[in-house]
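Here is the structure we will look at, set down as C-alpha cells.
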Amino acid sequence: MSSNQLNDQHYSSDIKTLLEFINRLGSSVHGFSHEIDSKISRIKALSESGQVEIEQLKPLFSSVGLVLQKEKQRIEQTVSQAHHHAFQATQGLLDCEQLSSAEKEQVRALKHRIDAPLLSYTELLPLLSEIISLLQRRVTEPVAQSHADAAHINQLQYEVSNILATVDFRGHPSTSLQALKQRLLTPLDLVQLLESCMQALRLVLQGVNDERQSAQQFLLSLSDALDSVGKALSKAMHYHEQGADAQSELSKKLESQLHALSGAVQSATNLQDLKQQVHAHVTSIGTTLTHKFKLEQAERQRLHAQLLSMQSRLEDVESEALMYKRKLSEQKFKNLQDSLTRLPNRAAFEERLQLEYQRWQSYAAPLCIAVADIDNFKVINDTYGHTAGDKTLQVIANMLKKSLRETDFVCRYGGEEFVIIFPQTTLDVALELLEKARHRVKSIPFKFKQANISITISAGVSSFNTKDSPSRVFERADRALYQAKDAGRDRVCQL
Ligand SMILES: Nc1nc2c(ncn2[C@@H]2O[C@H](COP(=O)(O)OP(=O)(O)OP(=O)(O)O)[C@@H](O)[C@H]2O)c(=O)[nH]1
C-alpha cells in the first residue's frame, strides 16, 4: 500500500471517529437546545451520506461551538438561579412552624448540601426534587395537621360538645345523638368537625321542630275541644229555647183550660151539670199537666246528657293541659338554667359532668369538682328577708362566674349551693381558683338596712383519680365542704 493510500485510510478513519464522537455527543445533549440538535442532525446526515470532507464540517463545528458556548452560559445562569431558589426554599421550610423536628433535620441536611460551592446541574437536581417533595407534603397535608390549627379545632370540638350537652333533646331518638357525642370525644380533623357540626345543627333543628309540632298539636286539640264544647253549649241552648216555647204553649193551654173551667163553674145551673163540666176540664188539665211534666223531664234529661258530654270533654282538655303544663315545666327545668341566678342549673350540671367524665376517660386530663356553699345564709334570710337573700344569691353567683375561668363550669346546684367543674385542671390549680373566688366574694360590700355586711363562702374540692366515678368525686367534694364548715367556715378544703 502506498503512503498516500495509507494517509487517506488514516484520514477517513479519523473522520469516522470524529463523526462517531459527534453522534454520541449529539445524543447525550439532545433536548438541551433546538439549535444544537438541528446542527448535530445536519452533521449526522452528512456523515451518513459517506462523502464527508473536513472542509464541509469546519463551519458546522464552529457554529456548534458558538451555540454550545451560549448554552453553557445559559446553563450556568440557570444553575445559579436554581441554587438561589433552593437555598431560599430550605430557609422558608426551616421558618415553617408546622414542620416536625425530623423534617427540620432533613431540611438542615439539605441546606448544608446546597451550601456547597459550585454545584453542577446534575448535583443540584436531586436536591431540588427533595425540596419540592418536602414542600409538596406541606402543601397537600390537611390544614388541621398544624399545631395551632389542631388546638383551634380541639377548642371548637369542645364547644360543640358543650352545646350539645346544653340542648334539650328529650323525647328525641337518641342513638344518633349519642353517636355524635361519642364522635366529638375522639380527635377530629377539620372536615370531620364540620360534618359533626352539620349533624349537631340537624339534630338541634329536628328537636326544635319536634317541640314546635308537639306544641302545635296541643293547641290544635285544645281548640278542637273548645270548639266541641261550644257546639254542645249552643245545642243545649237551642233545645232549651225549643223546650221553653213548648212549655209556654202548654202554660197558655193550661191558663185557657183553667179559664174555661172557671167559666163552666159560673155558668153551671145544677150540680150534676157542674160535676160533669168540672170533671171534663180537670181531666184535660191533668192531661196537659202530664204533658208538661213529660216535656220538662225530657228537657232535663237532654240537658243532663249535654252537660255530661261537655264535662267529659272538659276533663279531656284539662288533663291534656295538665300534661302540657308538666311538659313545659320539665322543659323549663331542662332549659338548664336557674331562673334566679341565670347560672346553669342542676340538670345542666348532670349533663356536663357526664360529658367531662367521658372526656376524662378518653384523654385522662386532670378533672376536679368543687361544691361551694354560702355561709350562714339562713341568718341573711331571717334578718333581712327573703328578697335580700335572693339578691345575695344573684350577686354571689355573678362573682363566682367572674372569678373563675371561661372554661370552668359553675352552676347553682340548689338553695345556696354552687357546684363547679374544672376541666383539664389539677387539684392545686382548682384550689388556687377557689381561694381567689372565696376572697372576691368576701370583699363584696353588701349593704342591708344600712348595715355593711360581709358574706363568706366555704368550699370543698376533689379531683378524679383512677377508677373514680363522678358520684364518688362529688361525694368527696361534698365531704370536704363539710370539713370546711366544721373548721369554722370561710375556707376551702380538699379531699
Ligand atoms: N332567699 C332565698 N333563700 C333560700 C333559697 N334557697 C334556699 N334558701 C335558704 O337558704 C338557707 C339555708 O340554710 P341552712 O341550710 O341552715 O344553711 P346556712 O344558714 O347557710 O348555714 P351553713 O350552710 O351551715 O353555713 C335556708 O334558710 C333556705 O330557706 C332561695 O332561693 N332564696
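Counting starts at 1 for both ligands and their atoms, in listed order.
Residue contacts with ligand 1, taken as heavy atom pairs separated by less than 4.0 Å, do not involve E417 at all.
In this structure, the protein non-hydrogen atom closest to atom 19 (O) of ligand 1 is K378 N, 2.8 Å. The closest protein non-hydrogen atom to atom 9 (C) of ligand 1 is N381 ND2, 3.2 Å. Here the heavy atom of the protein found nearest to atom 23 (O) of ligand 1 is K485 NZ, 2.9 Å. G415 CA, 3.3 Å is the protein heavy atom nearest to atom 6 (N) of ligand 1.
Short contacts between ligand 1 and D373, defined as distances under 4.0 Å to a heavy atom of the residue, involve ligand atoms 23 (O).
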Side-chain donor-acceptor distances from residues 443-451 under 3.5 Å, at least two apart:
{"from": "S443", "atom 1": "OG", "to": "H439", "atom 2": "O", "distance (Å)": "3.2"}
{"from": "S443", "atom 1": "OG", "to": "R440", "atom 2": "O", "distance (Å)": "3.0"}
{"from": "K449", "atom 1": "NZ", "to": "T383", "atom 2": "O", "distance (Å)": "3.3"}

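Contact annotation: the side chain of I374 approaches that of I455 to within less than 4.5 Å [non-hydrogen atoms, C-beta and beyond].
In summary, the side chains of D375 and S458 do present a donor paired with an acceptor at a separation below 3.5 Å, with no hydrogens or angles considered.
Counting only non-hydrogen atoms, the option in D390, L340, D490 that gets closest to atom 2 (C) of ligand 1 is D390.
Close N/O approach between L393 and ligand 1 is not found [any backbone or side-chain N/O within under 3.5 Å].
Applying the salt bridge (charged side-chain N to carboxylate O under 4.0 Å, His left out) test to D390 and every residue at least two apart in sequence or in another chain returns nothing.
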